[in-house]
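Order of the sequence lines fixes the chain letters, A, B, ..., with proteins taken first and strands second; residue numbering starts at 1 for each chain. Scope of the values below: all heavy atoms of this structure, side chains included, with no hydrogens, waters or symmetry mates.
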Amino acid sequence: MSTVTLGAAINAGLRKAMEDDSRVVVMGEDVGVLGGVFRVTDGLHKDFAEGRVVDTPLAESGIVGTAIGLALRGYRPVCEIQFDGFVYPAFDQIVSQLAKMRARSGGRLALPVVVRIPVGGGIGAVEHHSESNEAYFAHTAGLRVVSCSTPDDAFHMIQQAIASDDPVIFYEPKRRYWDKGELTDAPSRGLHEAAVLRPGSDCTVVAHGPTVKTALAAADAAALDGFSVGVVDLRSIAPLDLRTLRSAAAAAGRVVVVHEASTFAGIGAEIAAAVTEHCFYDLEAPVLRVGAYSLPYPPAAVEDAFLPDVDRVLAAIDRSLSF
Amino acid sequence: MAHASALTDLIDDHRARVDEQEMVQLIAPDGQVTEVGTKLGVSLELALELYRHMVLARRMDQEALALQRQGELSLWLMSWGQEAAQVGSVTALRPTDMVFPSYREHAAALCRGVAPADLMRQWKGAAHSGWDPAPARFHIYSLVLGTQTLHATGFAAGAAMEGTDEVVATYFGDGAASQGDVNEAFNWAATGSLPVLFFCQNNQWAISTPTEKQMSTPLHVRAAGFGLDAYHVDGNDVMAVHAVTSHAAQRIRDGGGPALIEAQTYRFGGHSSSDDPTRYRSEDELAAWTARDPLTRIESFLRENGVGADYFDALAAEADTFAVSVREACRDLESSPLEDLFDRVYADDHQPLVEEREAYLAHLSALGSEA
Ligand SMILES: Cc1ncc(C[n+]2csc(CCOP(=O)(O)OP(=O)(O)O)c2C)c(N)n1
Ligand SMILES: [Mg+2]
């Protein structure tokens, strides 16, 4: 066991996947000599054969489109999109090409492509560098969308994503890149299973990626006031692990969903509907959501007021408990 | 097979026509006027004016970098080394010609009268963008690479419909030139014969990616293939940039259709204040380009032509005063509170947004009363 940062854990996972399977190639802007702007691919260029780690031209549509071509020839490309806000030039390639090829070909063609996206705010960045766009992709049939929150999950999930025969949008919580944790040898669960990090009998908070830590802190604070608040790390946004969500919701009777993306038409809305449809008689309160307002991600000077923090999660828990 | 060799001749002939152009240079790196420069003539008066702009721009850049290091700015993208490309081009346009910059065009922005405070606002994290584009005819920065080239093309389509003799200029980098948007803009402007001037600052790098990984044919050659008038200029020679841009802009005004200028220049600093360029580029390369510094070149030219110490001393004093004002402007920058953003997203309020704003303000006051 070793203690590494989340960024280094993804690096280790990529390295392992590349060692295990020579068809795995890494491609993106500045992923080679520089090792990516977050250094997630650091050293891979040096250690693997020419062509397996590619500094691409600066064109996201090209990155995903050519990854599709490589996948059609049997490769397993892992694309890096430099920042969340720069994935949109690739939107057609992801939504109309990557997602639909299997169905369009009558199930004949698999596209095992991973699109890694550093996601979310909290690092004081300029515009387009702090977005949370998981709902666009979760809304698209044919894509799998996952979000890691700890180094160990990041290490295993990236390998599971690469092993998937479907395209995976792989979100990396950029403000947690430097968080440290231990790596285990084998994954403790499948790529699309949620993790009950803490059981709760009064309320359960569902979070993913960067907000898992916020949810845990809120649960700690609530415990000081004598409330048993559970935390579920969603891990997979599409498909949702409905079984785990339903049983956690039924056990607590109250659910709060927290994410950085806008609440309007966000994943929280889907979870609220899915839980309500199945656990209506177990619920003591409506499912509540904590997320972004319907605003573009704000300038860094006011991002702390914008991001869902412990106070906002606690306020939602209070409200839920008061029903 | 005779016809096969005829075909080969034809193909060779065709290839010859897309050869690279030599870059236009009026003043050599050592400050000597070149043959072309002698033929065209180099105006001392213009050189003095452009040099002043470059000195002030470099000073602004240095101050901003220092402010970033002191924690006053969260990020800064230096224009250090690219002053000639920017100053030479923007001053060759009319002040009424609209400009669509990328994000590193601080020297061009200053020439257009954009205030230092406005230039730093976005990088301090105090606002999404820096300034009102209307008075300076200088659009806000575009951080999503290459997108602004299409905006310029559309703006030019409007100008063409109105029958004005405006030129619409847009700046972008060698890396951005790989984006689909940029190539769509070239094609769009060319097919519509629109009055767009595409100005590429080829500073040899896109973060850690060298130009040869972006393109295997020089950009000005590619542009010619799209049907644009294409020019290749020494981007560290402010007089050459000015001359070529003036020429290109005049042709566009006269109805000649769009043009592209590829200016060879160099980014002396890192990609941004967060970048460490020693990870990917050599000291030798930096040294070779330092010998082509756009400021020392023109300074040598001026000294050679009788401009005395008085002038340089006065300019240095002006730059010092300017630097003080830049630092003060940065420290005085204020951001507006988050609630103001609710008013800026749509032309009119709608109910869900009104409710969200109320919820936000209620949360704030609840926090306030707890404290
Ligand atoms: C669509 C998009 N993809 C990626 C980025 C991240 N990024 C910012 S600047 C940059 C390099 C740009 O290089 P170039 O166009 O040559 O301009 P320069 O920075 O050299 O002035 C990259 C990859 C971005 N801003 N937009
Ligand atoms: Mg560049």
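Contact of A:E303 with chain B is not made at all, since no heavy-atom distance falls under 4.5 Å. Residue contact with chain A, scored on non-hydrogen atoms closer than 4.5 Å, involves the backbone of B:A176 exclusively. The contact between A:F86 and chain B is made entirely by side chain atoms (from C-beta outward), counting heavy-atom distances below 4.5 Å. Of the atoms belonging to B:V144, heavy atoms from both backbone and side chain fall under 4.5 Å from chain A. Contacts of B:H363 with chain A are made by side-chain atoms alone, with heavy-atom separations under 4.5 Å and no backbone atom involved. With a 4.5 Å cut-off on non-hydrogen atoms, B:A206 touches chain A through its backbone and its side chain both. At a 4.5 Å heavy-atom cutoff, the contact between B:L338 and chain A is made by backbone and side-chain atoms alike. Using a 4.5 Å cut-off between heavy atoms, B:L353 touches chain A through its side chain atoms alone. When heavy atoms are compared at a cutoff of 4.5 Å, B:L75 approaches chain A solely by way of its side chain, counted from C-beta outward. Proximity to chain A is limited to the backbone of B:S336, based on heavy atoms less than 4.5 angstrom apart. The parts of B:Y360 that come within reach of chain A are both its backbone and its side chain, each placing non-hydrogen atoms under 4.5 angstrom from that chain. Only the backbone of A:Y297 comes within less than 4.5 Å of a heavy atom of chain B; no side-chain atom from C-beta onward does.
Remark: A:H128 NE2 to B:L145 CG distance equals 10.0 Å, nearest 0.5 Å. Residue A:E29 holds its CD atom at 8.0 Å from CD of B:Q214, rounded to the nearest 0.5 Å. A:Y293 OH to B:L341 CG: the interatomic distance, rounded to the nearest 0.5 Å, is 12.0 Å. Atom CG in B:L367 sits 5.0 Å away from atom CG in A:D311 (nearest 0.5 Å).
Of the listed residues B:V345, B:L143, B:D174, the one with more heavy-atom pairs under 4.5 angstrom with chain A than any other is B:L143. Between chain B and the options A:V302, A:V126, A:L295, the largest number of non-hydrogen pairs under 4.5 Å is found for A:L295. In terms of heavy-atom pairs under 4.5 Å with chain A, the best-connected choice from B:A177, B:S74, B:S335, B:A127 is B:A127. Ranked by heavy-atom pairs under 4.5 Å with chain B, the list A:S294, A:A315, A:A59 is led by A:S294.
Closest heavy-atom contact between A:A301 and B:A126: CB-CA, 4.3 Å. Shortest non-hydrogen contact noted between B:Q179 and A:P89 is OE1-CB, 4.2 Å. Of all heavy-atom pairs spanning A:Q82 and B:I207, the tightest one is OE1-CD1, 3.5 Å.
Counting heavy-atom neighbours within 6.0 Å of B:W289 CH2, excluding the residue itself, gives a total above 12. Few gaps surround CZ on A:F48; more than 12 heavy atoms of other groups in view lie less than 6.0 Å from it. More than 12 heavy atoms of other residues, nucleotides or ligands shown are found within 6.0 angstrom of CH2 on B:W131. Within a 6.0 Å radius of CZ in B:R279, other residues, nucleotides and ligands contribute more than 12 heavy atoms. Taking a 6.0 Å sphere around OH of A:Y136, one finds it holds 12 or fewer heavy atoms contributed by other residues, nucleotides or ligands.
Legend: salt bridge (Lys or Arg N to Asp or Glu O under 4.0 Å) pairs involving residues 343-352 of chain B, not counting sequence neighbours, sorted by first then second residue: B:D340-B:R344, B:D343-B:R357, B:D349-B:R357.
Among the residues in residues 30-46 of chain A, those with a non-hydrogen atom closer than 4.5 angstrom to a non-hydrogen atom of chain B are A:D30, A:V33, A:L34, A:V37, A:R39, A:D42.
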